[in-house]
**Student:** 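Mind having a look at this structure? Questions to follow.
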Amino acid sequence: GQQLNQSPQSMFIQEGEDVSMNCTSSSIFNTWLWYKQDPGEGPVLLIALYKAGELTSNGRLTAQFGITRKDSFLNISASIPSDVGIYFCAGGSSNTGKLIFGQGTTLQVKP
Amino acid sequence: DAGITQSPRYKITETGRQVTLMCHQTWSHSYMFWYRQDLGHGLRLIYYSAAADITDKGEVPDGYVVSRSKTENFPLTLESATRSQTSVYFCASTERGGYSGSPLHFGNGTRLTVT
């Protein structure tokens with residue numbers, strides 16, 4: 001079945017540093033989504049991508065839909081302590097009708 | 001208040017017991033989902049529903065039962081709980097199918113421990 005490989009699994013960075021994480025798959029997706037989960041809460045949508053090559057920003061966050069439609073990345077610039085949490089990528093396929101989540105990237109930011 | 005609520009937030013039960021986790025949404029979203037979150041596995045889909053009285057299996061449905069008699073409610077039942085079902089369970093809803101990119105709105109989760 002379809003699987004997403006999300007990396008890195010965890011990151012521990014200094015406040016002010018930039019962060020990059022990505023998801024790759026052997027399958028093609030029609031949509032790529034990035035969610036953030038704060039401790040003790042459910043995931044919240046950060047960015048949605050709908051076209052191959054699309055580059056979308058949301059404040060300090062930038063995400064891109066890979067040109068091959070098999071990957072996506074998320075960048076966070078100038079990290080701050082409230083960026084702490086688990087970031088999930090998700091790929092949506094109209095062929096299967098499924099939304100598949102990556103394993104998550106746990107981000108810790110040291111003030 | 002509008003939103004999606006799960007209950008209980010925490011539950012401890014014994015092996016073999018039946019447990020029902022509740023999920024209620026006030027948006028009248030057609031689609032509802034149940035996920036479980038485990039370390040190293042991310043979010044895995046258990047069951048989903050496209051509308052009232054329509055349900056379908058996800059990636060890990062074994063040991064779970066769902067129903068959707070009303071649009072706003074989507075309870076998840078563990079018929080005979082096992083230790084492997086210890087997890088954090090999230091309910092989610094959306095207007096269109098999740099694959100379409102329509103944002104999933106998640107509840108705050110139920111942390112279930114099976115002893």
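This structure is a prediction, so every number in the text was calculated from the model and none was measured. Each chain gets a letter, A, B and so on, in the order its sequence line appears, and its residues count up from 1.
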**Student:** Does a side-chain N-to-carboxylate-O contact under 4.0 Å join D83(A) and K36(A)?
**Tutor:**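 Salt bridge: no.
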**Student:** Side chain, backbone, both or neither: which part of Q37(A) has an atom under 4.5 Å from a heavy atom of chain B?
**Tutor:**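 Only the side chain of Q37(A) comes within 4.5 Å of chain B.
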**Student:** Which bit of L49(A) is near chain B, if near means a heavy-atom gap under 4.5 Å: side chain, backbone, both or neither?
**Tutor:**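 Nothing of L49(A), per the 4.5 Å heavy-atom cut-off to chain B.
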**Student:** Write down the atom of N73(B), the atom of R68(B), and the distance for their closest heavy-atom approach.
**Tutor:**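 Answer, listing the atom of N73(B) first, then R68(B): O-CD, 3.5 Å.
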**Student:** In terms of heavy-atom proximity below 4.5 Å to chain A, should R111(B) be classed as side chain, backbone, both, or neither?
**Tutor:**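 It is neither, since no heavy atom gets under 4.5 Å.
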**Student:** Taking the six-membered ring for Trp, are Y35(A) and F106(B) closer than 6.0 Å centroid to centroid?
**Tutor:**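 Yes, the ring of Y35(A) comes within the 6.0 Å limit of the ring of F106(B), centre to centre.
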**Student:** So what's closer than 4.5 Å to chain A heavy atoms on E59(B): side chain, backbone, both or neither?
**Tutor:**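 For E59(B), there is no contact with chain A at all, as no heavy atom is under 4.5 Å.
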**Student:** Ring centroids only, cut at 6.0 angstrom: are F101(A) and Y35(B) within range, meaning strictly under it?
**Tutor:**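 Yes, they do, as the ring centres are separated by less than 6.0 Å.
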